[in-house]
2 protein chains.
Amino acid sequence: MGEKPRRLTRQQQAVSDILDARGDFRSAQEWHAALKDDGSPVGLATVYRTLQSLADAGRIDVLRTAAGESLYRACSAGHHHHLVCRECGRTVEISAGEVERWAVATATAYGFTAVDHTVEIVGCCAPCSVRTPEGAREDA
Amino acid sequence: MGEKPRRLTRQQQAVSDILDARGDFRSAQEWHAALKDDGSPVGLATVYRTLQSLADAGRIDVLRTAAGESLYRACSAGHHHHLVCRECGRTVEISAGEVERWAVATATAYGFTAVDHTVEIVGCCAPCSVRTPEGAREDA
DNA sequence: AGCGAACATGAGAATCATTCTCAATCAGCG
DNA sequence: CGCTGATTGAGAATGATTCTCATGTTCGCT
Ligand SMILES: [Zn+2]
Ligand SMILES: [Zn+2]
Ligand SMILES: [Zn+2]
Ligand SMILES: [Zn+2]
């Protein structure tokens, strides 16, 4: 929904660049901090604006944490989903024609049009599984 | 993460009841208002608390809107997903062993454990598709 | 029935990510 | 170089959710 910028500024470059450099998912606030550390400080508001237009343009991926924070990451073009480690954030891009087809077919079967979907898989990656032996989860 | 209440109070009943009565997805704030209209006012904080424990207990479903609001709805027990109309909110519960298997298989293939997933399909239901003839969407 | 401790409620304050405001700055152009 | 409108950013505003804590309930116990 954000307007796409008509001018290319140092700030937009900086945001775009750092996303390409590092490859992981981070919140807008974290990217803002990372940019300051990198010596290319960009205002928080601008980080949000730029991240949004990049997302609108399909240049980066967005995903929401359970806590409601948005995470942004540079990613390959085209439609795909993610497998994310809930401990360390490690991410794997996955595509699944199988699921794509299922989504459309199911929606269509119920008379829905303009179908869109969300598919995310979260788990504990191998390295983290070792660090968190089996049932050492902190719930009941 | 919320503690499950050890006492059953009028307020908890009221929340649980109205969710069963109406069947659609609503935000905590909307349920709060609905309860007041129904003549069984319940404090907003308590609505949030109750909704959360019901969700923790798996008695109701939660889903987040693009705007980051949480919507709650009474729903059948057991794991399932939703097909939601982005215009009117009409919802269809769907289950898909096919997708469940795919999620686990994919995650496992990458060494992930404690796998969980999110799958939502949004679209425009038949009635709404008629009201919004083809490309009458309000963008660009 | 009468008490008291443990638990639940709710009004309002506090959080906190995100968005908005708008004066100062800058990119692009002639 | 000098314009001019797009862009920036510090700080205020927003808004859903959570927290605080004084007050109201519940329930076991006598
Ligand atoms: Zn991990
Ligand atoms: Zn897909
Ligand atoms: Zn509809
Ligand atoms: Zn599932």
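Convention: sequence-line order gives letters A, B, ...; per-chain numbering from 1.
Classification of the B:His81-B:His117 ring pair by plane angle, with boundaries at 30° and 60°, yields tilted.
For residues 9-23 of chain A, proximity to DNA chain D is found at A:Thr9, A:Gln11, A:Gln12, defined as any non-hydrogen atom under 4.0 angstrom from a strand atom. For the segment residues 58-74 of chain A, the set of residues with a heavy atom within less than 4.0 Å of an atom of DNA chain C comprises A:Glu69, A:Ser70, in numerical order.
Close approach of DNA chain D to chain B, defined as any atom under 4.0 Å from a non-hydrogen atom of the protein, starts and stops at D:dA16 to D:dT26.
Between A:Gln52 and C:dT18 there is no side-chain polar atom (N or O) within less than 4.0 angstrom of OP1 or OP2.
Side-chain heavy atoms closer than 4.5 Å link hydrophobic residues (I, L, V, M, F, W, Y) into clusters, and following such links, even through other members, never connects A:Leu51 to A:Leu71.
Shown here are the ring pair (Phe, Tyr, Trp, His ring centres under 6.0 Å) partners of B:Phe25, two or more places apart in sequence or in another chain: B:His82.
With axes fitted over five pairs at each extremity, the angle between the ends of the helix from C:dA1-D:dT30 to C:dG30-D:dC1 is 20° (10° resolution).
Of the possible donor and acceptor atoms, none in the side chain of A:Ser40 sits under 3.5 Å from a partner among the backbone N and O of A:Ala14. With hydrogens and angles disregarded, no donor-acceptor distance shorter than 3.5 Å links the side chain of B:Gln52 to the backbone of B:Arg49. Judged by distance alone, with hydrogens and angles left aside, the side-chain atoms of B:Arg86 form a donor-acceptor pair with the main-chain N or O of A:Ala114 at under 3.5 Å. Distance alone, capped at 3.5 Å, places no donor-acceptor pair between the B:Arg22 side chain and the B:Ala34 backbone. B:Thr50 places no side-chain N or O within donor-acceptor distance of the main-chain N or O of B:Val47, the cut-off being under 3.5 Å.
Here the C1' atom of nucleotide C:dA14 and the OH atom of B:Tyr48 are 14 Å apart, to the nearest Å. Taking atom CG of residue B:Leu51 and atom P of nucleotide C:dG10, one finds them 14 Å apart after rounding to whole Å. Straight-line distance from the CD atom of B:Gln29 to the P atom of C:dA11: 14 Å, rounded to whole Å. Note: NE2 (A:His32) to P (C:dT18) measures 13 Å, nearest angstrom.
Heavy-atom nearest nucleotides on DNA chain D were determined for B:Ala28 and for A:Leu8, and the one closer to the 5' end corresponds to A:Leu8.
We find the OG1-CZ distance between B:Thr46 and B:Arg10 to be 9.5 Å, quoted to the nearest 0.5 Å. With values rounded to the nearest 0.5 angstrom, B:Ser70 atom OG is found 12.0 Å from B:Asp61 atom CG.
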Atom pairs and distances, donor-acceptor, side-chain atoms in residues 89-96 of chain B, under 3.5 Å, two or more places apart:
unit_1: B:Thr91; atom_1: OG1; unit_2: B:Gly89; atom_2: O; d: 2.8
unit_1: B:Glu93; atom_1: OE1; unit_2: B:Ser76; atom_2: OG; d: 2.5
unit_1: B:Glu93; atom_1: OE2; unit_2: B:Arg73; atom_2: NH2; d: 2.8
unit_1: B:Glu93; atom_1: OE2; unit_2: B:Ser76; atom_2: N; d: 3.4

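A:Ile18 is listed as a side-chain neighbour of A:Asp38, based on a closest heavy-atom distance under 4.5 Å.
Here the side chain of A:Arg7 is nearest to one of C:dT9, C:dA17, C:dC26, namely C:dC26.
Residue-environment remark: CZ (A:Arg64) exceeds the threshold of 12 foreign heavy atoms within 6.0 Å.
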